[in-house]
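One structure is given here, and the rest of the page talks about it.
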Amino acid sequence: MSQKKIITVFGATGAQGGGLVRAILADKNSEFTPRAVTRDINSDKAKELAALGAEVVQADLAHPETVKKAMEGAYGAYCVTFFWAHFSPEQEAAEAKAMADAAKAAGVKHVIWSTLEDTRKLVPLHDDRMPTLMEKYKVPHFDAKGESDQVFRDSGVPTTYLLTTFYWDNMIYFGMGPKRGEDGELAITFPMGDAKLSGIGAEDIGKCAYGIFKKGSSLIGKTIGIAGEHISCADMAAEMSKVYGEKVKYNMVPPAVFRSFGFPGAEDLGNMFQYYQEFADEFAELRDVEYAKELNPDLQNFKEWLRDNASKIPVS
Ligand SMILES: NC(=O)c1ccc[n+]([C@@H]2O[C@H](COP(=O)([O-])OP(=O)(O)OC[C@H]3O[C@@H](n4cnc5c(N)ncnc54)[C@H](OP(=O)(O)O)[C@@H]3O)[C@@H](O)[C@H]2O)c1
């Protein structure tokens, strides 16, 4: 039987958790071994992780007893919630609680909670620069995570709070890649003005998390913010122009226009970008690229990420 310390990884078939599972398995001398959590151990992604050498277990955050079982015997746990699976901040908070309770019951020694700011600290509900959504949130998928920091604190579980940020991979999987306009030119559309967007390659989040587990107890109770680069959308477009061999414009739209795009979550994301834009300095200050690089020496900036991923970005 393995003497390695087990790290239970939620979202193992997804971006953040997947990156962590792969980072642990890539290090043959690791003191850790990943336990990959999925709702479906027979999915292709789950089978891929098993083939790489991960233990794969079934659990569903909607069923706390399965979450408890997934934590049993684990030294560590990577806890992430899945807003976009249900669009409910309340359900997201319940998912966080299920993981914190299970970690406490199992005596887990080190939890990483993947979190984001509670935007209401800087934009209270009465601040009408952006609409209040779902009656009590400004950026629901941020606020529910930020609010849940307290759930981990209250549980008494040894926790590191990992502030993630915008994945550049949203251009691959979230429809945020360049689109050809009526003028025939390619453009990326963001409501970011001239502000810098703190971004990261999604795979690097898991690699940074692995660095946190390796550093261990010194990071318990700490909030660690990570980013691959703070870069303006104009500079992103300029990098894309070089790689695509044709001009990619930055189509700067106001947040209110983005909110009106009508796709599910457009208002939430419109508010999110407005927050990113208006609090770009505060946001970047909490996300230290140099420290992220110390945790993860492979950390990529936008140019490096684009070099490896441009061919995967759908251009429509
Ligand atoms: N996109 C961004 O720029 C960005 C930036 C920062 C933070 N985030 C946050 O990242 C979170 C999502 O993480 P991700 O991007 O790593 O995921 P992802 O790539 O979207 O993959 C979804 C993951 O969720 C798992 N999952 C969904 N519902 C589940 C449930 N009820 N129980 C257990 N597992 C469940 C899926 O596992 P199975 O299908 O295998 O069960 C899969 O591993 C969201 O809350 C989002 O707000 C996103």
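Ligands are counted one by one from 1 in listed order, and the atoms in each one are counted from 1 as well.
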Note the single closest protein heavy atom to [atom], along with its residue, its atom name and the distance in Å.
| atom | result |
| --- | --- |
| atom 30 (C) of ligand 1 | R39 CD, 3.4 Å |
| atom 16 (O) of ligand 1 | Q16 N, 2.8 Å |
| atom 7 (C) of ligand 1 | T164 OG1, 3.4 Å |
| atom 42 (C) of ligand 1 | T13 OG1, 3.3 Å |
| atom 12 (C) of ligand 1 | T81 O, 3.6 Å |
| atom 1 (N) of ligand 1 | N170 OD1, 3.0 Å |
| atom 34 (N) of ligand 1 | F82 CE1, 3.5 Å |

Would a distance-only check, ignoring hydrogens and angles, find a side-chain to backbone donor-acceptor pair under 3.5 Å from [X] to [Y]?
| X | Y | value |
| --- | --- | --- |
| T164 | S114 | no |
| T8 | A70 | yes |
| K138 | M130 | yes |
| S148 | V151 | no |

Are I220 and I112 linked, directly or through other ILVMFWY residues, by side chains that come within less than 4.5 angstrom of each other?
no
Hydrophobic clustering (ILVMFWY, side-chain heavy atoms < 4.5 Å, transitive) - are M71 and L20 grouped together?
yes
Mind checking whether [X] has a heavy atom under 4.0 Å from ligand 1?
| X | value |
| --- | --- |
| G11 | yes |
| E92 | yes |
| F10 | no |

Out of D127, D143, T132, V139, which one pairs with R120 under the side-chain contact (heavy atoms from CB on, under 4.5 Å) rule?
D143
Of the side chain and backbone of D169, name the one, both, or neither that has a heavy atom under 4.0 Å from an atom of ligand 1.
neither
With a heavy-atom distance limit of 4.0 Å, tell me whether T38 approaches ligand 1 through its side chain, its backbone, both, or neither.
both
Distance flag, aromatic centroids of F152 and Y161, threshold under 6.0 Å:
no
For [X] and ligand 1, does the shortest N/O to N/O distance drop below 3.5 Å?
| X | value |
| --- | --- |
| G14 | yes |
| A15 | yes |
| L61 | yes |
| D40 | no |
| K145 | yes |
| F83 | yes |
| S43 | no |
| Y167 | yes |

Decide whether S232 and Y250 meet the rule of one side-chain donor and one side-chain acceptor closer than 3.5 Å.
no
Taking it one step at a time, do S217 and H110 satisfy side chain to side chain donor-acceptor pair (under 3.5 Å)?
CA-CA 7 Å; S217 56; H110 192 179; over 6 Å; no
Tell me whether K136 is salt-bridged to E90, with the criterion being a basic N under 4.0 Å from an acidic carboxylate O.
yes
Using the rule given for ring pair (Phe, Tyr, Trp, His ring centres under 6.0 Å), can you reason through F279 versus Y275, listing the C-alpha separation, both sets of side-chain angles and the distance that settles it, and then say yes or no?
CA-CA 6 Å; F279 301 100; Y275 184 86; 5.0 Å; yes
